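Here the structure is a predicted model, which is why all the values come from computation and not from measurement. Chain letters run A, B, ... following the sequence lines, proteins first and then strands; every chain starts at 1. FYI, side chains are in, hydrogens and waters are out, and symmetry mates aren't considered; it's all heavy atoms of this structure.
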Protein chains: 2
Amino acid sequence: MNRSGYRPDKPATIKDVARALNISISTVSRALRNMPDVNQDTRQAVLRKVEELDYQPNQIALSLITQKTHTIGVIIPNLDYFFSMAVRGIDDMALETGYTVMICQSNESFTREMVNTQRLMKGHVDGLIVSNASDSINTEQYERLLAKNFPIVFFDRANAQLNATKVILDNISGASQAVTHLIEQGCRRIAYLAGPANLSISQQRMIGYKDTLQKFGLTIDESLIVYSEFDRDFAYRSTLALLERPDRPDAIFAVSDRLIVGALLAIKEKGIKIPEDIALVGFNDEPVVSLLSPPISSVAQSAFDMGRLAAKLLVDQLNSDHVLPPQTIMLKPTLKKRASSIRRFDPPIG
Amino acid sequence: MNRSGYRPDKPATIKDVARALNISISTVSRALRNMPDVNQDTRQAVLRKVEELDYQPNQIALSLITQKTHTIGVIIPNLDYFFSMAVRGIDDMALETGYTVMICQSNESFTREMVNTQRLMKGHVDGLIVSNASDSINTEQYERLLAKNFPIVFFDRANAQLNATKVILDNISGASQAVTHLIEQGCRRIAYLAGPANLSISQQRMIGYKDTLQKFGLTIDESLIVYSEFDRDFAYRSTLALLERPDRPDAIFAVSDRLIVGALLAIKEKGIKIPEDIALVGFNDEPVVSLLSPPISSVAQSAFDMGRLAAKLLVDQLNSDHVLPPQTIMLKPTLKKRASSIRRFDPPIG
DNA sequence: TTGTATGCGTTATCAG
DNA sequence: CTGATAACGCATACAA
């Protein structure tokens, strides 16, 4: 007994059904799959016996033949609010289309992301839905898979160089909306908690930030830009440092709500007024930011929709009999304006 | 071509390796699994060819033989903070022990929980880790699986009648700590947002709540107990109603942080002082509660540890060659005391 | 030390 | 209408 480990009682196979009825396997198989050419009485007998023996087709055997598992692999950096919602969207679409979802978290580690990819490939998922870890740089492994025409859909965090199907946010627009709003509220020195430098979302939001400043004729002060991991405590400390400066900023925009919350804690600790002295805008519109004092403005996107859409694109590829060309779908974010950034009465409260 | 749908380029099989070297399949198989009785030269040649062809064993074929997929099915009601952390713990242990995790969310729906169970069973998971939906009542399906000795571990929300392996919290202790603390702070009319009546965690926490009141000689006022789903808005409205009463409560304890946040919003809206007029204690210690004004006290547990432990118990069963007897592991919660409930200076701030 | 044959559970292709 | 058999990719008992 080399196949070690405990195994539950063996379920009935198609063979058992056939034997019990003294007919051949193929007849049972045909009866079960509603093929024509099968006697009604035989079919009824099979159906009854199947019920009696609680027979269920062995998916593994089917997979061996079709080389399909009806399983989708999902690789995400973490399970924070955004990705939880995205996973819910993916699982939702998977349920509708008859797939099951295998989820692995990279914990923001590129190494673990690669390990998870291999893990899922070994488990023979039919396709992959990926959002990169914050220290992801190398795309070699994905390129190799894509070269073999293995179906992958990237969402949210997707390497810009990679020629693959993606569902992403219009991050430039999101950042632009945030910065425009801050400028309209009278802010002139807008600091930016920029997140991990190599992530596409960071880079795109940075473009939106800088372009908007320039569009309004404001100078870009690189010393007001702080790169970091998605670490609330780091944002807290960075903000304290920004507040120490004689020319301290009059607004802070952050690449994620996690960071803007860190900023909020630092500012409140210093007793500086929000939004009068410093206005705040975050990104993702997590539920928590609307509960804080003051409620924090944030760029909102629907992670659920993004997840559903990513799953949809993947399933479309899986159900297609030819290779679909890569496409990039860009979703539009909307700014939720709240007390943390509203200094004047002109703009309506969102 | 009945096997519809696109499939990526076929990977090399053990046959390809054998053919390329003009040797038999079994020799390749042996060489690969470091069996003795195999010529060093042959082994080297095989290894080289395997590298060259990028051959990887087909797990599906292996699964067909062993009837094991090295996959764990996870069924959870949602992916809020608690369950996200639990899933992280499960995935962590799975990675360590060579398993992959299939996750399905029931969205608090018993029907969907059943559908997901079938979905995972069809996908031939080796075992199941389950936390029930809030409207779960019927345990028939699990009983049937357990009767077949199919390995299942329940965690957090586990039906009390079911004779199965469980990892749960000492909910009575958690509620007792919370209520004791409130009483020590001078509260005498403690309302309870009790959650779904049929959930084991609700029932256990209710026992802790009532027993503690009685222990301190306080009467139980059933009109201060409100059942509900895990719905923040419902808690908000229930609290508004409680506040209308002439004999309004001087404290609210809630079965979950989601509900206590709803209560907080209602109380702040009414301009009632926390903790002077009403003290608050929640359950789960989600990060959000420590960020609110005032920070809310909460009964803390480690969802991550619970997840890891549940996975550990399941893997132990999977790796054992006999059926392990059901066991229930009970974890101890600790109360985090914060401003929402601290009226006196005697107890230290947790 | 290596090769051959059988089986895992199912479908598909033939014959009958 | 039904049955026998090959095949999916691999491990393994048995032969050589």
At under 4.0 Å between heavy atoms, what does [X] touch on the DNA or RNA strands: base, sugar-phosphate, or nothing?
X: B:Thr13; answer: sugar-phosphate
X: A:Pro36; answer: nothing
X: A:Gln56; answer: sugar-phosphate
X: A:Thr42; answer: sugar-phosphate
X: B:Ile25; answer: nothing

Q. Is there a donor on the side chain of B:Ser26 or the base of C:dT4 sitting less than 3.5 Å from an acceptor on the other?
A. yes
Please report, rounded to the nearest Å, how far the [atom2] atom of [N] is from the [atom1] atom of [X].
X: B:Ile65; N: D:dG9; atom1: CD1; atom2: P; answer: 13 Å
X: A:Gln59; N: C:dT10; atom1: CD; atom2: C1'; answer: 10 Å
X: A:His124; N: D:dC10; atom1: NE2; atom2: P; answer: 8 Å
X: B:Lys68; N: D:dC10; atom1: NZ; atom2: P; answer: 20 Å
X: B:Leu53; N: D:dG9; atom1: CG; atom2: C1'; answer: 15 Å
X: A:Asp37; N: C:dG16; atom1: CG; atom2: C1'; answer: 13 Å
X: B:Ile60; N: D:dA11; atom1: CD1; atom2: C1'; answer: 16 Å
X: B:Asn34; N: D:dT12; atom1: CG; atom2: P; answer: 14 Å

Answer yes if the side chains of [X] and [Y] hold a donor-acceptor pair under 3.5 Å, and no otherwise.
X: A:Ser136; Y: A:Glu113; value: yes
X: B:Gln105; Y: A:Asp92; value: no
X: B:Arg88; Y: B:Ser84; value: no

So, is [X] close to the [N] phosphate, meaning a side-chain N or O under 4.0 Å from OP1 or OP2?
X: A:Lys15; N: C:dG7; value: no
X: B:Arg33; N: D:dT12; value: yes
X: B:Thr27; N: C:dG3; value: yes

Q) With no hydrogens and no angle check, is any side-chain donor or acceptor of A:Glu108 less than 3.5 Å from a backbone partner on A:Pro77? A) no
Q.
Closest-nucleotide mapping onto DNA chain D: is B:Met35 or B:Ala61 further toward the 5' terminus? I mean the 5' end.
A. B:Ala61
Q.
I want to confirm an ordering. Mapping A:Arg30 and B:Leu64 to their closest nucleotides on DNA chain D, which one lands closer to the 5' end?
A. A:Arg30
Q. Hey, is B:Glu143 close enough to B:Lys148 for a salt bridge, meaning N to O under 4.0 Å?
A. no
Q: State which of C:dT4, D:dC10, D:dC1 makes the closest approach to the side chain of A:Asn39.
A: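 My answer, after comparing the listed nucleotides, is D:dC1.
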Q: Measure across A:Pro151 and A:Leu318 and return the closest heavy-atom pair with its distance rounded to 0.1 Å.
A: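 Minimum heavy-atom separation between A:Pro151 and A:Leu318: CG-CD2, 3.8 Å.
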Q) Starting at the 5' end of DNA chain C, which residue's closest nucleotide do you reach first, B:Gln40 or A:Ser29? A) B:Gln40
